[in-house]
Amino acid sequence: MNKVRTRFAPSPTGYMHIGNLRTALYAYLFAKSQHGDFILRIEDTDRARYVADAVEFIEKTLASAKIIPDEGPHNGGDFGPYVQSERMKIYKSYAEKLIELGYAYRCFCNNDDDCNDDDKKFGGYNRTCRDLDREELEANIVARKPYVIRQKMPLTGETTFFDVLHGNITIANSELEDQVLLKRDGMPTYNFANVIDDHLMKVTHIIRGTEFITSTPKHVLLYEAFGWEIPTFIHLAPVMGKSADGTVSKLSKRHGATSFNDLVEMGYLPEVITNYVALLGWSPKSNQEIFSMDELIEKFSLEGLSKSPAVFDYNKLDWMSGEYFKAMSDEDFAKVADKFFGELDENLASKKVYLGSLLKTRISKLSDIPAQIKFLQVMPPLDVELFTNKRNKVTAENSVGILTDAIKVLENISDWTVDELHEKINAFVTESGLKMGTIMWALRIALSGQKVTPGGVIEILYLLGKNISIERLNSALIFLSNIPKKI
RNA sequence: GGCGCCAUCGUCAAGCGGUUAAGACACCGCCCUUUCACGGCGGGUUCGCGGGUUCGAGUCCCGCUGGCGUCACCA
């Protein structure tokens, strides 16, 4: 049996859509699970769409997703070059060959309207010039450069191909146009280059999106014309997005971030994105959801692939992301979180690992961090209402006493550590005869101006440090004393 | 519109003729609790519709409906 070889063949747009990334992932996982090769090939035959540095961008993105090609523009391999624009001579020779074989012909008009009367004598577009006397025609056409080479489709009958996911798919040949194989500028079209390269590069399994199902018969006809072995097709259902109005459509900008890189910038770990995306359209048929790349390779199989489109669910991504953070050590988390902390003062900067330990269980992406820690750097404006909490029996009035006493306790603490704070605060609560919740609530509000904080009061005190903590408590006291008493 | 593909909870999905139709996310409720988070427990009319086939259909067949794709010198 032939060694399995799959490929990922993006056009260099400088943008890695999640759907593309998933296609690459599946092609990679399948190849690796079969101990085969995974090839990266750049399909840059559309000069108008060329984006500078896009190849490097694609390679970097794949690398960050841990998808490593065995062959590619910068990975070596025996079947290069792996950039289509560098293979023009190859395509040309195969196109000429096809003409000799009688499966293609030269033509120079885009459509019948493009042709003037003179042109029409030599045939215009699509099936006008295909059956004219070839020698006479070609001499004239070649003289009239630039021309195009079109594939000569059978007018009757049907073409059937096998798809692993969909079984046999049959399309009537009458549906197929005499498509362009070689463009005026000498570049091949996707539908041509693709077939030539997949054959030359010995690709055994073509894994790509469903949008290519309808053009596959054209490819099959090409393989047959050359007498080449037809590879196995696997057409993947698209990744969809859900809009606010509930409608579902192919994932696009209006659904939020859609590229791998957008997601990374938002602070999702690359391994989280691959893990999540792997499960979008593929099921391991077990209850496992968290997978390392090695596990994915081990568990991957074509049977788990889904035929129907999958909606990208940010909720689930968030959950999965949180699971990864929770599983990380405080040190590792602090490392990946580092650039999201922003500018920290000396005190906080020295407590990053500790801060991270509090943060990692309550965020779903790293970009949530700035909002979570802002109050540590800048005290938000106080609001009396915040001091009122029914469940904990706190009011703006009784807060005054609590804060006053707390300040005294805190001022006497010289060893400002979490343990020490814990001990002293506990003692203070016991002594006061009040509920833990009552005291903590008042303190939290005074210290943070928020009902919700990452970590409890003890942790905030520690993070803020002695001076700032006491300062904030005093300010809160002043604030409360200036509130007109309720009647 | 022609052609093609698809159709199980809101979402990802298991299921491959006989199941109380898994599990996860989200949601809701309760518990725990130093707020939030974390954690624990529990909850929900899910097989698009209509015909067949069969003792028996989410599973097979047909039709319908709906969604998506495709009809480029884009990939």
Side-chain angles (χ1 to χ4, degrees), chain A residues 9-13 20 43-49 84 107-108 110-111 125 146-150 163 165-166 169-172 174-177 179-194 208-217 235 237-238 240 242 246-250 276 279-290 303-304 306-320 322-323 326 358-363 372 386 389 391-392 394 425-426 429 435-441 443-445 448 450-459:
Chain A
S11 56
T13 58
N20 284 135
E43 311 225 323
D44 59 343
T45 56
D46 185 359
R47 292 186 321 191
R49 281 217 242 169
Q84 290 186 329
C107 210
F108 53 82
N110 206 5
N111 54 54
Y125 157 79
Y147 59 88
V148 117
I149 296 179
R150 286 184 183 271
D163 181 289
L165 253 47
H166 303 101
I169 295 176
T170 299
I171 291 179
S174 56
E175 294 292 325
L176 311 176
E177 294 241 10
Q179 63 171 349
V180 170
L181 263 18
L182 221 55
K183 310 182 218 175
R184 275 170 203 256
D185 64 3
M187 283 285 189
T189 56
Y190 166 85
N191 288 313
F192 187 55
N194 205 257
R208 69 208 333 180
T210 43
E211 65 269 28
F212 294 113
I213 284 185
T214 0
S215 47
T216 302
H235 287 100
M240 313 293 278
K242 195 175 204 168
T247 54
V248 167
S249 55
K250 209 167 173 183
Y276 174 69
L279 262 22
L280 245 198
W282 173 74
S283 165
K285 302 195 190 266
S286 72
N287 286 339
Q288 184 178 355
E289 301 211 87
I290 305 295
E303 278 87 80
S306 172
K307 290 193 281 190
S308 41
V311 177
F312 191 97
D313 182 2
Y314 290 94
N315 278 327
K316 184 109 186 197
L317 210 218
D318 282 350
W319 165 79
M320 188 174 282
E323 292 298 299
K326 277 177 243 166
L358 300 175
L359 255 15
K360 72 175 189 179
T361 58
R362 34 200 119 210
I363 60 166
Q372 288 271 335
L386 289 173
N389 183 273
R391 185 174 158 221
N392 286 311
V394 186
I425 297 276
N426 275 348
V429 170
K435 273 178 46 178
M436 176 78 88
T438 311
I439 289 177
M440 292 303 191
W441 183 274
L443 288 177
R444 173 177 301 100
I445 299 299
S448 72
Q450 305 178 350
K451 292 184 188 176
V452 180
T453 53
V457 169
I458 305 286
E459 287 77 20

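So you know, we letter chains A, B, ... as the sequences are listed, proteins then strands, and number each from 1.
Between the NZ atom of A:Lys183 and the C1' atom of B:C73 there is a distance of 6 Å, given to the nearest Å. Distance CD (A:Glu175) to P (B:G1): 15 Å, rounded to an integer number of Å. The CD1 atom of A:Ile169 sits 12 Å away from the C1' atom of B:U70 (whole-angstrom rounding). The nearest whole Å value for the distance from the CZ atom in A:Arg184 to the P atom in B:C73 is 10 Å. Distance A:Trp319 CH2 to B:G23 P: 15 Å, rounded to the nearest Å. Between the CD1 atom of A:Ile458 and the P atom of B:A37 there is a distance of 20 Å, rounded to whole Å. Rounded to whole Å, atom P of B:C25 lies 10 Å from atom CE of A:Met320. Atom C1' of nucleotide B:A24 and atom OH of A:Tyr276 are separated by 11 Å, given to the nearest angstrom.
Of the side-chain N and O atoms in A:Lys285, one or more sit less than 4.0 angstrom from OP1 or OP2 of B:G15. Between A:Thr45 and B:A75 there is a side-chain N or O to OP1 or OP2 distance below 4.0 Å. Under 4.0 angstrom from either OP1 or OP2 of B:A75 there lies no side-chain N or O belonging to A:Arg49.
When distances are taken from the side chain of A:Thr189 to each of B:C12, B:A75, B:U11, the shortest belongs to B:A75. Proximity note for A:Ser306 (side chain, C-beta onward) versus B:G4, B:A13, B:G23: the nearest is B:A13. Nearest nucleotide to the side chain of A:Arg362, out of B:A37, B:G4, B:U70: B:A37. Taking every side-chain heavy atom of A:Ser308 into account, B:A7 is the closest of B:A75, B:U35, B:A7. You'll find that the side chain of A:Asp313 is closest to B:U11, out of B:C68, B:U11, B:C73. Listed nucleotides B:G39, B:A14, B:C25 differ in distance to A:Lys316; the shortest reach to its side chain belongs to B:C25.
Donor-acceptor pairing under 3.5 Å is recorded for the side chains of A:His235 and A:Thr216. For the residue pair A:Asn194/A:Arg208, the side-chain donor-acceptor check at 3.5 Å is satisfied.
At the heavy-atom level, A:Val248 lies under 4.0 Å from the strands shown only through sugar-phosphate atoms. Heavy atoms of A:Thr13 sit nowhere under 4.0 angstrom from any nucleic acid atom. Within the 4.0 angstrom heavy-atom criterion, only backbone atoms of the sugar-phosphate kind lie near A:Lys307; the bases stay farther away. Heavy atoms of A:Val457 sit under 4.0 angstrom from at least one base atom. Among the protein residues, A:Gly281 comes within range of the sugar-phosphate backbone only, with heavy atoms under 4.0 Å from sugar or phosphate atoms but none that close to a base. If you check every strand for non-hydrogen atoms under 4.0 Å, A:Ser286 touches nothing. Counting non-hydrogen atoms under 4.0 angstrom, A:Lys435 reaches nothing in the nucleic acid.
Note on A:Asp46 versus A:Arg49: salt bridge recorded, some NZ/NE/NH1/NH2 to OD/OE distance being below 4.0 Å.
Using the Watson-Crick or G-U wobble rule with both distances under 3.5 Å, B:C28 pairs with B:G42.
With the nearest nucleotide of RNA chain B identified for both A:Thr361 and A:Ile213, A:Ile213 has the one nearer the 5' end. In terms of position along RNA chain B, the nucleotide closest to A:Asn315 lies nearer the 5' end than the nucleotide closest to the other residue of the pair A:Thr453 and A:Asn315.
At least one donor-acceptor pair under 3.5 Å links the side chain of A:Gln288 to the backbone N or O of A:Ile290.
With a 6.0 Å radius and a threshold of 12 heavy atoms from other residues, nucleotides or ligands, A:Lys326 has its NZ atom above the threshold.
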Chi angles and distances behind the side chain to side chain contact (heavy atoms under 4.5 Å, CB included) call for A:Ile213, A:Ile169:
CA-CA 9 Å; A:Ile213 284 185; A:Ile169 295 176; 4.0 Å; yes
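Ring orientation note: the planes of A:Phe312 and A:Tyr276 are nearly perpendicular, at an angle over 60° on the 30°/60° scale.
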